[in-house]
Amino acid sequence: MRAQSSATTAPSIAVATSEPERPGFGTLQAALGVVAFSLTFPATAWGLEGFGPWSLVAVRSVLAALIAGGALLALRVPLPARRHWAGLAVVGAGVVLGFPLLTTLALETSTTAHAAVVVGLLPLTTALFSALRVGTRPSRTFWIAALAGAAAVLAFTVQQSGGALSTADLYLFAALLVCAAGYTEGGRLARIMPGWQVIGWALVLCLPLTVPVAALALAHEPVHLTAHSVTGLLWVAAGSQFVGLVVWYRGMAAIGIPKASQLQLAQPLLTLVWSVLLLGEHLTVAAPLTAAAVLVCIAVTQRSRG
């Protein structure tokens, strides 16, 4: 595969690789991404039953990179133009390395309900990053609904966890920042190249780091292969790290970063549902009330015009 010349092929790249989508279909794809992401924390909890945190994060990234690299090779996708590699590095640092590592470290001592506070604040943070990086200017109604939805989710998840602050919270808030940066840059790149290529190249770009880290981690952290740990690893590698991000970036490119990010307001509640079904955690009566408030906020943000 040879690199494309940015000086001579920029117009043709934009035409050939852009992915115009109907807004409704874009919303569906972004929603499917949210469903995939909502399983990440429960799957990570399963993975931690048999892997150390560094092993789990590094191996999931390597496996996802092998899937993505195989697809890129099979379809003979040319290397991205040189000007796009910096953006891909931001995507890799944010969603391939930073967010998985920080949240996995947090989940060693935190419940999935407590970790859901990250996703509760992620839509608002992503919209802020988008305004700074891409220049989007959502309407006042959009921001009011976004803030209300974020407040509802934050209040619910903090109440679920008892409101205690710990070292895990530092990991979670750091994960929030790096993931928002990766989402914003990935959404911008998905307007130039297909969304699956954005995350695919970001995963491949991280291989020189993730392969040696995986080897070292597996040599120093105990590994206990169980049905739960293997299933959790495979999901976070193929579902969360690749397939989920493919449809998510396509959705963001179609409907815009701010509106797509607001669909994630439903993610903490979905995560809590999976936590009950898969991990045996318990929900309070506040769950349906919060769900109703979040759905109203999502409806408002999707109808507002920036």
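By convention here, the first residue in the shown sequence is residue 1.
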Checklist line | Sequence-distant partners of Glu185, side-chain hydrogen bond (donor to acceptor under 3.5 Å, both in side chains), two or more places apart | finding: Arg133, Arg188

Check: Could you state the interatomic distance from CG (Leu203) to CG (Leu66), rounded to the nearest 0.5 Å?
Finding: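 Reported value, rounded in 0.5 Å steps: 9.5 Å.
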
Next item on the list: Mind checking side-chain hydrogen bond (donor to acceptor under 3.5 Å, both in side chains) for Ser240 and listing every partner two or more places apart, or none if nothing turns up?
Entry: Thr40, Trp235

Margin query: Using 0.5 Å steps for rounding, measure from the CG atom of Leu72 to the CD1 atom of Ile67.
Written below: 12.0 Å

Item checked: Distance in Å, Leu279 CG paired with His228 NE2, rounded so as to fall on 0.5 Å steps -> 8.5 Å

Check: What are the two closest non-hydrogen atoms of Gly195 and Ala190, and how far apart are they?
Finding: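 Closest approach of Gly195 to Ala190: CA-CB, 4.3 Å.
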
Checklist line | hydrophobic_cluster_shared for Phe129 and Val198, side chain cutoff 4.5 Å | finding: no

Less than 3.5 Å apart, which donor and acceptor atoms pair up between the side chains of residues 99-110 and the rest of the protein, not counting sequence neighbours?
{"residue": "Thr103", "atom": "OG1", "partner": "Phe99", "partner atom": "O", "Å": "2.6"}
{"residue": "Thr103", "atom": "OG1", "partner": "Pro100", "partner atom": "O", "Å": "3.3"}
{"residue": "Thr104", "atom": "OG1", "partner": "Pro100", "partner atom": "O", "Å": "2.6"}

Next item on the list: Take Phe41 and Trp274 through the ring pair (Phe, Tyr, Trp, His ring centres under 6.0 Å) test and state the conclusion after the steps.
Entry: CA-CA 9 Å; Phe41 287 168; Trp274 298 126; over 10 Å; no

Check: Taking all non-hydrogen atoms of both residues, which atom of Leu263 and which atom of Ile255 are closest, and how far apart?
Finding: CD1-CD1, 4.4 Å

Next item on the list: Decide yes or no on side-chain contact (heavy atoms from CB on, under 4.5 Å) for Trp196 and Val243, but give the supporting numbers first.
Entry: CA-CA 8 Å; Trp196 75 272; Val243 176; over 6 Å; no

Next item on the list: Return yes if some donor-acceptor pair links the side-chain N/O of Ser130 with the main-chain N/O of Thr126 below 3.5 Å, else return no.
Entry: no

Next item on the list: Can you run down the side-chain hydrogen bond (donor to acceptor under 3.5 Å, both in side chains) pairs that involve residues 51-71, sequence neighbours left out, and say none if there aren't any?
Entry: Ser55-Glu221, Arg60-Gln241

Check: Out of curiosity, does Leu270 fall in the hydrophobic cluster containing Leu289 (side-chain heavy atoms, cut-off under 4.5 Å, transitive links)?
Finding: no

Notebook entry, point to check: Between Leu269 and Val294, what is the shortest heavy-atom contact and its length?
Noted result: CD1-CG2, 4.0 Å

Notebook entry, point to check: Transitively linked via ILVMFWY side-chain contacts under 4.5 Å: Val90 with Leu209?
Noted result: no

Check: Below 4.5 Å, heavy atoms only, C-beta onward: do Leu172 and Asp169 meet side chain to side chain?
Finding: yes

Check: Are side-chain heavy atoms of Val95 and Tyr249 found at a separation under 4.5 Å?
Finding: yes

Next item on the list: Look at the aromatic rings of Trp248 and Tyr183 and report parallel, tilted or perpendicular, splitting at 30° and 60°.
Entry: tilted

Item checked: Distance (rounded to the nearest 0.5 Å) between Cys297 SG and Ile144 CD1 ->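 With rounding to 0.5 Å, SG (Cys297) is 11.0 Å from CD1 (Ile144).
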
Item checked: In one Ile/Leu/Val/Met/Phe/Trp/Tyr side-chain cluster, 4.5 Å: Leu97, Phe173 ->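 In one cluster with Leu97: Phe173, yes.
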
Margin query: Quick check on the hydrophobic clustering: are Val57 and Leu170 connected, directly or via other members, by side-chain heavy-atom contacts under 4.5 Å?
Written below: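 Different hydrophobic clusters.
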
Checklist line | Closest contact, heavy atoms only, Ala237 versus Ala64 | finding: O-CB, 3.3 Å

Next item on the list: Rounded to the nearest 0.5 Å, what's the gap from CG on Leu121 to CG on Leu177? Could you check?
Entry: 10.0 Å

Next item on the list: Looking only at non-hydrogen atoms, find the nearest pair between Trp201 and Val77 and report the distance.
Entry: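 Taking Trp201 first and Val77 second, the nearest heavy atoms are CZ2-O, 3.8 Å.
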
Item checked: Residues forming a side-chain hydrogen bond (donor to acceptor under 3.5 Å, both in side chains) with Thr290, sequence neighbours excluded ->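 Once residues adjacent in sequence are excluded, Thr290 has no partner under the side-chain hydrogen bond (donor to acceptor under 3.5 Å, both in side chains) criterion.
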
Note to self: Ser229: which residues meet the side-chain hydrogen bond (donor to acceptor under 3.5 Å, both in side chains) condition with it, sequence neighbours left out?
What the structure shows: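 If we apply the side-chain hydrogen bond (donor to acceptor under 3.5 Å, both in side chains) test to Ser229, skipping adjacent residues, the hits are Thr226.
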
